[in-house]
Amino acid sequence: MGPHPAVAAIRLAVRRVLHDILTSHTDHVSPGGRASGGQRHAPLVLVACSGGADSMALASALAFEAPKLGVRAGGITVDHGLQVGSDLRAAEVVSRMTALRLDPVESVAVRVGRDGGPEAAARDARYAALDEAAERLGAAAVLLGHTRDDQAETVLLGLARGSGIRSLSGMAEISGGPGRTGRYRRPFLHIDRQTARKACMVQSLPVWDDPHNADPAYTRSRLRHEGLPALEKALGKGVVEALARTAQLSRDDADALDAWAAEADVSVRDELGQLECAKLYALPPAVRRRVLRRAVVAAGSPAGSLFARHIEEVDRLITGWRGQGAINLPGRVEAQRQGGRLVIRQG
């Protein structure tokens with residue numbers, strides 16, 4: 001008799017990702033048996049585990065599948081220090097991962113700042129800690145336990161921000177690097193949260209439910225417990241799956257437009273590398289705005305501080321030119337039309 005369907009589903013998802021990591025890793029291994037970064041031939045894959053159902057299910061699947069494929073499997077838990085006893089909770093998660101025979105296993109304490117709000121600050125601190133641990137341990141990849149439900153929430157949050165198709169594309173299956181070699185992998189984006197929880201239950205894995213996930217002070221928590229249930233009540237139970245599908249379709253479209261913009265960026269420049277307004281004007285709006293965003297970021301504007309309204313203002317120098325002055329952008333970058341050229345530079 002095979003494993004429970006929920007357990008089989010999570011293991012298959014992880015097996016597919018490990019196969020992909022092995023393929024990418026082999027491509028970067030020299031004839032002497034060492035990867036280009038000096039890693040041993042058997043790649044190390046880490047799981048980021050909070051102790052919740054999603055990441056515990058992921059840790060269990062990694063622990064089961066990795067040895068069969070010759071992959072070294074370890075785990076990292078991040079102590080955000082936001083709750084009393086968080087250090088004890090992190091130590092307990094370390095014990096649970098050790099019991100699954102993951103090695104190495106570490107707890108990393110971080111200090112959460114305030115930039116961008118509590119959720120964004122915690123996320124930034126978490127990824128910085130995971131990046132540091134992955135570099136130090138020489139990990140080929142870090143697995144994250146985001147599920148299809150998390151993806152649906154991310155799409156809705158992007159829709160509320162009104163910041164374009166890239167926001168609607170949600171979380172990528174692979175991120176943190178170019179193409180298929182990105183550090184972060186999300187095996188569960190096609191698996192719902194309930195399946196992950198069921199997999200923990202049938203394997204008798206203890207899980208911890210973070211009280212922040214039910215705290216209405218957090219936007220994602222309100223969306224999870226109030227917003228999505230209301231949508232499902234009004235539109236039916238297929239909302240989460242439809243939103244996740246929207247994310248993938250949007251990502252495909254956004255990737256294609258980004259590639260088009262990268263090519264157009266070369267064609268709209270004169271022999272001195274200046275942006276020509278007439279050539280920019282001839283581009284489709286979606287491509288032109290991407291070209292402008294690329295130019296503004298290249299001039300020194302932080303991508304995280306650059307919003308759609310900033311690019312729209314720069315775009316009006318092309319499409320609604322009436323002699324207006326320079327546009328001030330984040331990072332002390334200035335965009336100004338000079339004759340038939342658009343000049344973007346840091347002041």
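Positions are given from 1, in the same order as the sequence printed here.
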Are any non-hydrogen side-chain atoms of [X] and [Y] less than 4.5 angstrom apart?
X: L317; Y: L292; result: no
X: H19; Y: L69; result: yes
X: M56; Y: C49; result: yes
X: H190; Y: E173; result: yes
X: H80; Y: R126; result: yes
X: I76; Y: V108; result: yes
X: R185; Y: L144; result: no
X: L137; Y: P104; result: yes

Do any N or O atoms from the side chain of [X] and from the backbone of [Y] form a donor-acceptor pair under 3.5 angstrom?
X: R186; Y: I174; result: no
X: R183; Y: G176; result: no
X: R148; Y: L189; result: no
X: S175; Y: A172; result: no
X: R290; Y: A286; result: yes
X: Q346; Y: G331; result: yes
X: S95; Y: A91; result: yes
X: E241; Y: K237; result: no

Practice problem: Begin with the C-alpha distance, continue with both residues' side-chain angles, and end with the deciding distance and a verdict on side-chain hydrogen bond (donor to acceptor under 3.5 Å, both in side chains) for D131 and Y184. | Solution: CA-CA 9 Å; D131 279 336; Y184 294 105; 2.7 Å; yes

Quiz item: More than 12 heavy atoms of other residues, nucleotides or ligands under 6.0 Å from CZ of R136: is that the case?
Solution: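 Counting neighbours around CZ of R136, more than 12 heavy atoms of other residues, nucleotides or ligands fall under 6.0 Å, so yes.
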
With a 4.0 Å cut-off on N to O distance, would you call [X] and [Y] a salt bridge?
X: R166; Y: D258; answer: yes
X: R16; Y: E65; answer: no
X: R222; Y: E153; answer: no
X: D54; Y: R197; answer: no

Self-check item: From L58 atom CG to T147 atom OG1, the distance as rounded to the nearest 0.5 Å
Solution: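 It is 11.0 Å, given to the nearest 0.5 Å.
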
Practice problem: Mind running side-chain hydrogen bond (donor to acceptor under 3.5 Å, both in side chains) on T195 and D192 for me, showing each step along the way? | Solution: CA-CA 6 Å; T195 296; D192 61 64; 3.0 Å; yes

Exercise. For side-chain hydrogen bond (donor to acceptor under 3.5 Å, both in side chains), just list the numbers for R220 and T154, CA-CA rounded to whole Å, side-chain angles, deciding distance to a tenth of an Å, and then say yes or no.
Key: CA-CA 8 Å; R220 188 176 285 268; T154 302; 3.1 Å; yes

Quiz item: Stepwise, does the side-chain contact (heavy atoms from CB on, under 4.5 Å) test hold for V314 with L329?
Solution: CA-CA 9 Å; V314 178; L329 301 162; 3.9 Å; yes

Decide whether [X] and [Y] are clustered together by the hydrophobic rule: side chain heavy atoms of Ile, Leu, Val, Met, Phe, Trp, Tyr closer than 4.5 Å, transitively.
X: L205; Y: V202; value: no
X: L257; Y: V266; value: no
X: W321; Y: L275; value: yes
X: V94; Y: W208; value: no
X: F64; Y: L12; value: no

Quiz item: Does the side chain of S86 come under 3.5 Å of the side chain of D79 through a donor N or O and an acceptor N or O?
Solution: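 Short answer, yes.
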
Exercise. For the pair L44 and L46, evaluate side-chain contact (heavy atoms from CB on, under 4.5 Å) and give the outcome as yes or no after the intermediate values.
Key: CA-CA 7 Å; L44 170 65; L46 300 173; 4.1 Å; yes

Exercise. List the steps and the verdict of salt bridge (Lys or Arg N to Asp or Glu O under 4.0 Å) for D150 and R193.
Key: CA-CA 8 Å; D150 295 308; R193 189 174 288 143; 2.9 Å; yes

Exercise. Run through E232, R245, Q151 and flag the one making a side chain to side chain contact (heavy atoms under 4.5 Å, CB included) with V240.
Key: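 Output: one option passes, namely E232.
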
Quiz item: With sequence neighbours left out, what residues match R332 under salt bridge (Lys or Arg N to Asp or Glu O under 4.0 Å)?
Solution: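 Salt bridge (Lys or Arg N to Asp or Glu O under 4.0 Å) list for R332, sorted by chain: empty.
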
Quiz prompt | Partner residues of K198 under the salt bridge (Lys or Arg N to Asp or Glu O under 4.0 Å) criterion, sequence neighbours left out | solution =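 Partners of K198 under the salt bridge (Lys or Arg N to Asp or Glu O under 4.0 Å) test: none.
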
Identify each donor-acceptor pair in which a side-chain atom of residues 296-313 lies under 3.5 Å from a protein atom, sequence neighbours left out, and give them as a table.
residue, atom, partner, partner atom, Å
S301, OG, P330, O, 2.7
H310, ND1, F307, N, 2.9

Quiz item: Do S50 and S55 pass the side-chain hydrogen bond (donor to acceptor under 3.5 Å, both in side chains) test, and can you show the C-alpha distance, the side-chain angles, and the key distance before you say yes or no?
Solution: CA-CA 6 Å; S50 67; S55 59; 3.3 Å; yes

